[in-house]
There are 2 protein chains.
Amino acid sequence: MPRRYGTGPVWWHGRFRGCGYRITAGREAILDALMTADKHLSAEDIYNKIHPAYPAVGLTTVYRTLEILVNMGLVFKFDFGDGRARYELVEGSKKSHHHHHLVCKECNRIIEYTDFINDEIELLKKTEKGLSKKYNFEITSHIIQFYGICDKCKKKG
Amino acid sequence: MPRRYGTGPVWWHGRFRGCGYRITAGREAILDALMTADKHLSAEDIYNKIHPAYPAVGLTTVYRTLEILVNMGLVFKFDFGDGRARYELVEGSKKSHHHHHLVCKECNRIIEYTDFINDEIELLKKTEKGLSKKYNFEITSHIIQFYGICDKCKKKG
DNA sequence: CTCAATGCAAATCTTTTGCATGCTA
DNA sequence: TAGCATGCAAAAGATTTGCATTGAG
């Protein structure tokens, strides 16, 4: 069942209703799955995670809800190159910290890192400001990912 | 027909043979399509581009060749979130310059920019070095992309 | 001559869509 | 009660794979 992290109203309900969307059990389950996830989940991951407790929620609803969440800016959609999208709550939606990803091209392992994140953010802000002005482009998000071979795969091969 | 950019041997032939791959008309056509492209092409873009001159080359071959090129590190595979991968020669493979991308979430327009690229590269190098050491992760490439709304779409509303 | 490369068609797999029904507000 | 939300099945699309044939070296 959805956790409330306290006794107040669920943090996203107001925002959800404000956009004209309804609160349903399926949507609560999906948000909860994202909130309690320790990593980026695929649509199917989410489906599998909630299915035991919410067998009535189908994969279609997961996709449809994720689309809404991404459009609302509550969730970020990632592509790590393995043909399926991953979803993660945007920082600030909960206690999460800003991070970027290291992707192993061999085993597809994902490492989140926060090292140098302050330097990165500083540069990103500067770059975003400059690009916004030059191209009159309104930047809403960014991706930084490094690809390579992780330690385990280096040993193997 | 494939351009040779001069009279010497084609730059990628040696590297290709060295990996045990054969040089075929289809592969020449695909490499040429990438070399003469002014932007990232999808597999189908490449297929369409070469089809008039090489009707015998099928989409399957395009995919298979691109996979080899990506694995060899000659071509970079991008995902801009519209469900189809784009391919681009790695910088250094030809005269191209290092750049990153701005992606419009409305119309999917892609803007290449090189502004701030030196600052970005400096930070990336530093970050790569630090991450390599800390995670014993061998970094081979990176992605930086900004998402948002382009000027044209902002006008539209 | 050998074995990689290829075309074609079929198979996969993820994500999307149509439609009748259920449920929130 | 009005419409949004949903399940299910089918559709859509991109990419991959099986297999017999072709062609580079």
Side-chain angles (χ1 to χ4, degrees), chain A residues 2 9-10 12-31 33 40-51 53-72 75-87 105 108, chain B residues 2 9-10 12-31 33 40-48 50-51 53-72 75 77-87 105 108:
Chain A
V10 179
W12 53 272
H13 280 191
R15 185 142 172 212
F16 226 67
R17 287 212 190 80
C19 291
Y21 296 116
R22 295 176 177 176
I23 312 298
T24 66
R27 287 173 176 177
E28 299 227 51
I30 292 164
L31 258 299
H40 16 261
L41 303 176
S42 68
E44 199 174 7
D45 288 337
I46 294 172
Y47 173 81
N48 290 332
K49 185 171 176 180
I50 66 180
H51 193 255
Y54 297 86
V57 177
L59 186 55
T60 303
T61 291
V62 175
Y63 275 110
R64 282 194 274 229
T65 300
L66 286 172
E67 188 187 9
I68 289 172
L69 293 171
V70 168
N71 286 337
M72 287 180 67
V75 164
F76 204 84
K77 181 179 183 178
F78 285 97
D79 175 279
F80 294 135
D82 65 345
R84 55 176 56 189
R86 308 303 169 97
Y87 302 84
K105 293 192 292 188
N108 258 299
Chain B
V10 179
W12 53 272
H13 280 191
R15 185 143 173 210
F16 226 67
R17 287 211 189 80
C19 291
Y21 296 116
R22 295 176 177 176
I23 313 297
T24 66
R27 287 174 176 176
E28 299 227 51
I30 292 164
L31 258 299
H40 15 263
L41 303 176
S42 67
E44 199 174 6
D45 288 337
I46 295 173
Y47 173 82
N48 290 332
I50 66 180
H51 193 255
Y54 296 86
V57 177
L59 185 55
T60 303
T61 291
V62 175
Y63 275 110
R64 282 194 274 230
T65 300
L66 287 171
E67 188 186 8
I68 290 172
L69 293 171
V70 169
N71 286 336
M72 287 179 66
V75 163
K77 181 178 182 178
F78 284 97
D79 176 278
F80 294 134
D82 65 345
R84 56 176 56 188
R86 308 303 170 96
Y87 301 85
K105 293 193 290 188
N108 258 298

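Predicted, not measured: the structure shown is a model, and the values here were computed from it. Proteins come first, then strands; the chains are lettered A, B, ... in the order of their sequence lines, and each starts at number 1.
Along DNA chain C, the nucleotide nearest to B:F16 and the one nearest to A:R86 differ in position, and the one closer to the 5' end is contacted by B:F16. Mapping B:Y87 and A:V62 onto DNA chain D by nearest heavy atom places A:V62 closer to the 5' end of the strand.
Taking only side-chain nitrogens and oxygens, B:R17 comes nearer than 4.0 Å to OP1 or OP2 of D:dG25. The shortest distance between the side-chain N/O atoms of A:R22 and the OP1/OP2 oxygens of D:dT6 is not below 4.0 Å.
Nearest approach of A:L59 to A:A43, heavy atoms of both residues: CD1-O, 3.9 Å. Nearest heavy atom pair, residue B:I50 against residue B:A29, reads CG2-O, 3.6 Å.
As a whole-Å value, the separation of A:I68 CD1 from C:dT24 C1' is 14 Å. When rounded to the nearest whole Å, the span between OH of A:Y47 and C1' of D:dT6 equals 13 Å. Rounded to an integer number of Å, the gap from NZ of B:K77 to P of D:dT15 is 7 Å. Rounded to whole Å, atom P of C:dC8 lies 16 Å from atom OH of B:Y63. In this structure, B:E28 places its CD atom 14 Å from P of C:dA5, rounding to the nearest Å. To the nearest angstrom, P of C:dT2 lies 23 Å from OH of B:Y21. Between the P atom of C:dA4 and the CZ atom of B:R27 lies a distance of 11 Å, rounded to the nearest Å. Summarising the geometry, the separation between CG on B:D79 and C1' on D:dA14 is reported as 12 Å, rounded to the nearest angstrom.
A donor-acceptor distance shorter than 3.5 angstrom exists from the side chain of B:R27 to the backbone of B:R22, with no hydrogens or angles considered. Of the possible donor and acceptor atoms, none in the side chain of A:R84 sits under 3.5 Å from a partner among the backbone N and O of A:E44.
Within 4.0 Å of A:R64, counting heavy atoms only, lies at least one base atom of the nucleic acid. Within the 4.0 angstrom heavy-atom criterion, only backbone atoms of the sugar-phosphate kind lie near B:T24; the bases stay farther away.
Checking C:dT15, D:dG25, C:dA5 against the side-chain heavy atoms of B:I23 singles out D:dG25 as nearest. For B:R84, taking side-chain heavy atoms from C-beta onward, the closest of the listed nucleotides C:dT6, D:dA14, D:dA5 is D:dA14. With C:dT14, D:dT15, C:dT15 as the candidates, the nucleotide lying closest to the side chain of A:E44 is C:dT14.
The aromatic rings of B:H40 and B:F80 stand perpendicular to each other, their planes meeting at an angle above 60°, with 30° marking the opposite boundary.
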